[in-house]
Amino acid sequence: MVGQNGAGKSSLIRAIKGQFTGEIHGRIAIAHGIKISYVRQQYNNRGSLAHFAKQNHLSYQTLLTILRKLGMERQTFNVPIEEMSMGQQKR
């Protein structure tokens, strides 16, 4: 979804997920079996990937394997999360 800041993109997603507290006009129908996900725009993760994995009860090796499959370069694995690009942080 693309639109200017304040156009209501996040509000629409929250409404679809049933998490919007504002006023809704119209009807939202979701097909059976659809899974809706949402990627945050802001990240507050800090420190190493090893610390992130431990904090989130993840296998560090599995995390690194997945990040490689998503195109992250190995040298990035030693960069503190807060120093990574936003694209790297989203991965």
Side-chain angles (χ1 to χ4, degrees):
M1 189 176 344
V2 178
Q4 295 179 351
N5 287 344
K9 299 178 300 290
S10 296
S11 296
L12 177 59
I13 295 295
R14 282 194 294 276
I16 291 169
K17 291 180 74 179
Q19 300 171 346
F20 184 67
T21 57
E23 188 174 331
I24 297 174
H25 298 278
R27 186 174 80 94
I28 297 173
I30 302 170
H32 179 71
I34 297 293
K35 183 175 181 181
I36 299 167
S37 62
Y38 179 78
V39 178
R40 294 177 295 151
Q41 293 179 7
Q42 301 295 323
Y43 298 89
N44 300 319
N45 299 317
R46 302 185 68 75
S48 69
L49 289 174
H51 176 74
F52 176 85
K54 184 176 182 178
Q55 187 177 28
N56 290 281
H57 310 287
L58 303 169
S59 161
Y60 180 58
Q61 275 311 125
T62 301
L63 174 63
L64 296 183
T65 299
I66 292 169
L67 290 173
R68 278 296 296 139
K69 288 181 179 183
L70 290 172
M72 188 176 284
E73 297 177 7
R74 291 183 197 274
Q75 67 259 25
T76 308
F77 294 167
N78 297 319
V79 174
I81 295 171
E82 64 272 18
E83 293 179 18
M84 292 179 184
S85 71
M86 276 311 227
Q88 292 167 333
Q89 289 184 36
K90 284 182 181 184
R91 288 184 198 131

Taking the side chain as everything from C-beta on, heavy atoms only, tell me whether Thr76 gets closer than 4.5 Å to Arg91.
no
Would you say the side-chain atoms of Glu83 pair up with the backbone N or O of Pro80, donor to acceptor, closer than 3.5 Å?
no
Is Leu67 reachable from Met86 through a run of I, L, V, M, F, W or Y residues, each pair having side-chain heavy atoms under 4.5 Å apart?
no
Do other residues, nucleotides or ligands put more than 12 heavy atoms under 6.0 Å from Glu73 CD?
no
Taking every non-hydrogen atom, the tightest pair across Ile24 and Phe20:
CG1-CD2, 3.6 Å
Evaluate whether atom CD of Gln4 has more than 12 neighbouring non-hydrogen atoms of other residues, nucleotides or ligands under 6.0 angstrom away.
no
How close do Arg46 and His51 get, counting heavy atoms only, and between which atoms?
O-CD2, 4.2 Å
Should Leu12 and Ile30 be counted in the same cluster of Ile, Leu, Val, Met, Phe, Trp and Tyr side chains packed under 4.5 Å apart?
yes
Is the backbone N or O of Gly18 less than 3.5 Å from a side-chain atom of Arg14, with the two atoms forming a donor-acceptor pair by type?
no
Do Ile66 and Tyr60 sit in one hydrophobic cluster, given that two such residues count as connected whenever their side-chain heavy atoms are within less than 4.5 Å of each other, even indirectly?
no
Spell out, as yes or no, whether a donor-acceptor pair under 3.5 Å connects the side chain of Gln89 to the backbone of Ile81.
yes
If you group Ile, Leu, Val, Met, Phe, Trp and Tyr by side-chain heavy-atom gaps below 4.5 Å, do Leu70 and Leu63 land in one group?
no
With rounding to the nearest 0.5 Å, note down the distance linking CD in Gln19 to OG in Ser11.
12.0 Å
